[in-house]
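Accompanying notes for the structure given below.
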Amino acid sequence: MPRKKGRRRKRRTHVVDGGEEGADGGRKIPRSFVIRRGELPVSLKDLVPDMRRMFMPHTALHLKERKKGKMKDYFGVAGRLGISHFWLVSCTERGAYLRVGKYPRGPTLTFHLEGFSLSKDVKASQRRPISLESNDMKEPPLLVLNNFTNGPDHVKIMATVFENMFPKLDVKNVALSNVRRVILVDYDSHTETVSIRHFLLRATLAGLSKPVRSIVVRHKIPHLKGLKDISQIAEEGGTGFVSSDSEGEGPEESQVNLPQNLGKTKRKGGKTTLRLREVGPRLTMKLVKVEELFCEGKVFYHAYIHRSADEVYEMQRRHDVRKEEKALRRKVQEENVKRKQLAKQKRKGANEVGDNDEGDDDDDDVDADDVSEDADSDVEYAGKRKKPMDKGKPPRRTRTKTRR
Amino acid sequence: MVEVTSEELAEDDQFLERLVDLIPFNVYYAENKVQVERKGKAVEKGGGKTKASSEDVDARKEKKKKKNSKKKKKSQRTGGLKRKSEGTDGDDEEKRAESSELRARVQEKIAAMRKERKADDEDAIKRREFKRQRNEKKNEKKRKNPTADDSDMKKTSEKKPRLEKESSAGTGEPEAIQKPAPEDISFALEAGLETGGKKSRVHIRKRDRLTHALEKAEKQQGDKSFEMEKMIKRAQGEKVLDDTKLLKKSLKSMEQKKLRSKKKWDQRIKQQKKNTADAQKKRQANIDARKAAKASKSKAKQKNRKMLGV
């Protein structure tokens with residue numbers, strides 16, 4: 001809490017988060033939750049924090065998941081917090097699955113995680129590992145999709161879901177120093193696998209010799225012991241300027257003239273080498289299923305199960321029939337409820353006047369009618385099934401004798 | 001008199017011939033006269049004699065004839081018989097006749113097709129005019145705002161993307177990774193300026209929006225044809241209102257909210273009135289009490305006075 005002279009001062013007054021829906025549907029910042037579902041092996045458990053780091057800053061880095069946590073708990077807060085995407089990590093005997101769903105009624109992509117690497121393993125395999133800093137997680141990553149254009153429908157849907165998971169960068173107004181990370185999503189159309197890689201984007205000055213670079217970039221004070229003149233520092237080991245085929249500079253394509261200033265040393269127009277340093281998890285996964293709604297709804301695409309038009313029609317028909325029956329049953333129940341209420345009122349009115357006997361009989365009749373209607377129908381009823389009451393006996397609640 | 005040598009003549013001849021070769025054949029053999037605008041004057045060219053020296057035209061014709069005859073094979077030098085298969089070879093007259101015939105047939109076909117699609121209808125003409133104007137305006141706009149197009153980088157990657165380089169530097173994967181083609185790479189970038197500013201956006205009330213959506217949804221309830229579009233829109237974050245149940249629920253909750261707030265307001269008014277009424281009552285009571293006190297006081301005073309004999 002920012003305090004000035006003991007008083008708390010407001011700083012973020014009227015900060016609009018892309019606003020409510022406008023004519024174009026609004027440009028809200030997409031936010032995500034990465035959640036574990038069910039029991040996971042340790043490696044998968046550790047994958048989740050890595051994934052959260054990938055999606056920072058618009059995700060919950062330290063999301064408290066309870067053992068008994070249910071999805072509806074998350075749905076309860078999702079509206080308030082503006083959560084738009086859910087990544088659900090789960091595991092079965094067959095393998096690990098990742099469900100990416102646009103909340104609340106968006107499509108859900110179900111992926112089979114064919115392989116993954118934790119960020120700690122990636123770092124362990126590198127010669128010069130690099131870690132995420134807090135600055136890196138303050139800005140959203142740049143998303144690069146490869147090979148998603150000109151694909152079949154399910155690939156297009158995948159592309160759209162991934163694209164809209166991250167806020168779009170405004171090319172004109174973006175500050176280069178804010179583009180610190182890159183997420184690469186690659187689609188291999190032969191094996192139909194999606195690979196996700198996470199990199200840090202770093203720009204280093206190009207065209208410097210090693211000794212010069214160590215002074216300028218790494219601020220190392222050089223040893224002047226055996227040198228007679230200061231210019232000998234730059235001359236060390238030959239020419240001070242780097243030839244075009246020097247190592248460590250990277251290929252020509254990664255050298256760029258900066259359009260903006262990027263810190264004290266890297267100025268606009270200066271030549272820099274852009275490097276992608278891998279950090280963070282690697283995911284290799286295959287799309288299994290695309291569902292219309294969020295973890296429910298019609299299956300738009302399935303990688304393994306293909307249904308013929310007849311089967312689809314049959315399934316749809318069954319679904320519709322069931323829906324109709326439900327609606328009908330609800331209607332009937334509502335009518336019954338109304339009827340009962342009316343009868344109750346009448347009975348109350350009659351009671352006030354002075355009739356005690358008739359009330360019970362009426363009650364009996366009403367219940368019996370209800371039951372007969374339900375019992376006759378063939379439909380399976382997973383609701384509150386009333387037990388049939390015997391007609392002759394008086395109902396339990398009106399017990400005249402009191403126990404002592 | 002200027003003396004002209006034969007070599008010079010030959011040169012001029014060649015030059016003229018080359019000039020003639022530049023002119024396309026149909027210009028001076030066209031049946032339909034081709035209007036050629038030249039320096040404000042419409043000069044008819046083709047068919048018969050032109051205003052320019054007819055001698056030249058004849059000379060050109062002859063030269064062309066010579067050339068063509070040279071091209072003819074021996075076997076094809078028939079007297080006047082025309083062979084269909086060798087339509088390209090043959091006399092100029094025949095050529096002209098053939099081409100005109102073909103042209104006539106083409107025109108006929110075009111006329112027939114136009115008639116079929118009613119291209120010369122009033123409506124069609126209007127539509128075409130409208131379209132043309134619209135395209136013109138579009139092009140004008142494009143010319144005026146080149147920046148709006150530049151920032152639309154969503155699908156085009158004509159600028160070579162700097163991040164095209166694979167991550168081989170960091171991962172140690174084999175260098176034999178194929179470099180992806182620029183068309184395959186897409187970035188999640190803002191697609192240019194939004195059309196229309198703040199004021200051009202009409203504010204539609206939520207209730208109206210929902211009722212319209214409900215009507216539409218009820219009509220399209222069994223319609224399964226737009227699933228793909230709906231999914232893509234939803235994936236992009238736009239709301240697609242197609243579930244009648246949810247729409248009804250929303251509308252109902254809006255109404256309930258109104259009812260509740262009305263209730264609260266009525267209560268508030270009631271309470272306020274009560275408060276003021278109570279205050280007034282109290283005030284009145286106080287006033288009356290004071291009056292009464294005053295009256296009794298004065299009475300007592302009078303009594304006292306009487307008693308004291310004042």
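Residue numbers start from 1 in every chain, and the chains themselves are labelled A, B, ... in the order their sequence lines are given, proteins ahead of strands. Predicted model only: the values in this text are computed from it and were never measured.
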Item checked: Residue part contacting chain A, namely of L246(B), when any heavy atom lies under 4.5 Å -> side chain
Margin query: Using a 4.5 angstrom heavy-atom cutoff, name the option from G101(A), P107(A), P129(A) with the most pairs to chain B.
Written below: P107(A)
Notebook entry, point to check: With a 4.5 angstrom heavy-atom cut-off, which part of I130(A) approaches chain B: side chain, backbone, both or neither?
Noted result: neither
Next item on the list: Can you see which heavy atom on M54(A) is nearest to which on R181(A), and at what distance?
Entry: O-NH1, 2.8 Å
Next item on the list: Give a yes or no on whether the ring-centroid distance for Y187(A) and F162(A) is below 6.0 angstrom.
Entry: no
Margin query: Taking side chain as everything from C-beta outward and backbone as N, CA, C, O, which of these in V122(A) sits under 4.5 Å from a heavy atom of chain B? Side chain, backbone, both or neither.
Written below: neither
Next item on the list: Please state whether the side chain, the backbone, both or neither of S84(A) comes within less than 4.5 Å of a heavy atom of chain B.
Entry: neither
Checklist line | Neighbour count >12 (heavy atoms, 6.0 Å) for atom CD, E136(B) | finding: yes
Note to self: Under 4.0 Å between a side-chain nitrogen and a carboxylate oxygen: does that hold for K230(B) and D242(B)?
What the structure shows: yes
Item checked: K298(A)/E227(B) ion pair, N-O < 4.0 Å -> yes
